[in-house]
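I have a structure I would like to understand better, so I am pasting it below and will then ask my questions one at a time.
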There are 2 protein chains.
Amino acid sequence: MSKVKETSVNYENKQNLGSECTEIYAVNLINGQWTLAICCHLANGKLRFGELRKRIPNITERMLTLQLRKMEANKLVKRTVYAEVPPRVEYELTKSGLQLNPILKQLEEWGEKHRKTID
Amino acid sequence: MSKVKETSVNYENKQNLGSECTEIYAVNLINGQWTLAICCHLANGKLRFGELRKRIPNITERMLTLQLRKMEANKLVKRTVYAEVPPRVEYELTKSGLQLNPILKQLEEWGEKHRKTID
DNA sequence: CTGTATCCTATTTGATACTG
DNA sequence: CAGTATCAAATAGGATACAG
């Protein structure tokens with residue numbers, strides 16, 4: 001994560017590929033190391049920051065924050081802040097995020113089959 | 001690309017996520033920057049190394065080689081070497097690679113819709 | 001023609017400590 | 001509780017030259 005320098009060859013290449021080929025654009029939205037893990041856990045409803053952190057093993061606060069911010073920017077999750085003490089923030093999938101689920105199911109089935117063919 | 005040090009926390013995390021959650025495993029197979037571009041071009045039949053290079057703008061020989069090797073290791077593409085002079089090498093999708101195509105189509109449609117909702 | 005090798009930069013991820 | 005800040009490590013990607 002961290003900031004992306006918007007003037008690198010790498011960045012340009014990604015932009016080009018993403019704008020020509022929509023499936024590449026789509027994959028770029030979900031290819032963070034933790035993005036899908038978060039999707040999984042949010043698939044069944046909203047969760048608070050701390051709940052996500054507990055459910056996802058090994059993730060650091062930092063990475064969880066960065067991933068959630070990225071997904072928020074990509075409109076895959078919605079972030080709701082409650083002005084309370086102690087603070088409470090809830091995350092949930094957007095409509096687009098939810099529509100991704102059936103596709104991920106298929107990807108899961110494919111992965112299962114593929115893993116077997118590899119042995 | 002470059003080599004992956006098989007003793008880093010990062011590597012372990014990827015392994016863990018991939019083995020628990022098959023969709024993460026599946027995405028890891030296709031999340032190279034050029035992987036999907038190669039898939040696209042091979043979807044319609046075999047291509048030679050040089051043909052791929054010409055069709056994929058901006059890719060360097062190095063990255064094309066690395067990606068193809070990775071995809072070969074993952075059994076997404078098959079590599080056929082003809083013992084000729086000059087040398088000829090053809091790449092084609094494996095059965096698993098082909099089965100990925102309908103899923104990518106759906107991902108493409110989702111990406112299209114999603115891109116609009118973002119504005 | 002089909003790559004490899006080398007060196008370097010960009011980006012991502014992690015560990016840890018700290019804040020409102 | 002829900003983060004930020006900072007520093008360091010690891011991985012991905014690029015430029016270029018060269019080899020079988």
**Message:** Across nucleotides 11-20 of chain D, 5' to 3', mark each nucleotide with B, S or - according to how protein heavy atoms within less than 4.0 Å reach it.
**Reply:** SBBBB-B--B
**Message:** With heavy-atom distances below 4.5 Å as the criterion, would you say the side chains of B:R79 and B:R69 are in contact?
**Reply:** yes
**Prompt:** Hey, does B:Q106 have a side-chain heavy atom less than 4.5 Å from the side chain of A:P102?
**Reply:** no
**Nearest-angstrom distance from the residue atom NZ of A:K70 to P of C:dT12** = 7 Å
**Fill in**
Separation between NZ (B:K70) and CD (B:E72), nearest 0.5 Å, reads 14.0 Å
**NZ or CZ of B:R115 within 45° of A:Y25 ring axis and under 6.0 Å** = yes
**Request:** Can you tell me which residue pairs pass the salt bridge (charged side-chain N to carboxylate O under 4.0 Å, His left out) test with a partner in residues 92-111 of chain B, sequence neighbours excluded?
**Result:** B:K46-B:E92, B:K78-B:E92
**Asked** Taking atom types as modelled and ignoring hydrogens, do the side chains of B:E12 and A:N58 form a donor-acceptor contact shorter than 3.5 angstrom?
**Response** no
**Request:** State which residues pass salt bridge (Lys or Arg N to Asp or Glu O under 4.0 Å) with B:R88; sequence neighbours excluded, sorted by chain then number.
**Result:** B:E84, B:E90
**Message:** Looking at A:N31, is its backbone amide N or carbonyl O close enough to the side chain of A:T35 to form a donor-acceptor pair, meaning the two atoms are under 3.5 Å apart?
**Reply:** no
**Item:** Between the first and last five pairs of the helix from C:dC1-D:dG20 to C:dG20-D:dC1, the angle of the axes, rounded to 10 degrees
**Value:** 50°
**Message:** Please give me every residue in residues 45-54 of chain A whose heavy atoms get under 4.0 Å of an atom in DNA chain C, ordered by residue number.
**Reply:** none
**Item:** ILVMFWY network linking A:V9 to B:I56, side-chain heavy atoms under 4.5 angstrom
**Value:** no
**Asked** For B:L68, does its backbone N or O pair with a side-chain atom of B:W34 as donor and acceptor, under 3.5 Å?
**Response** no
**Prompt:** salt bridge (Lys or Arg N to Asp or Glu O under 4.0 Å) with B:K113: which residues, sequence neighbours excluded?
**Reply:** none
**Request:** Could you state the atom-to-atom distance from CG of B:L64 to P of C:dG3 in whole Å?
**Result:** 8 Å
**Message:** Please confirm whether the shortest side-chain N or O distance from A:R69 to OP1 or OP2 of D:dG3 is below 4.0 Å.
**Reply:** yes
**Request:** Specify the separation, in whole Å, of atom CD of B:Q15 and atom P of C:dG14.
**Result:** 13 Å
**Request:** Pick base, sugar-phosphate or nothing for A:Y82, based on heavy-atom distances below 4.0 Å to the nucleic acid.
**Result:** nothing
**Request:** Quickly work out the B:N28 CG to C:dT13 P distance and round it to whole Å.
**Result:** 11 Å
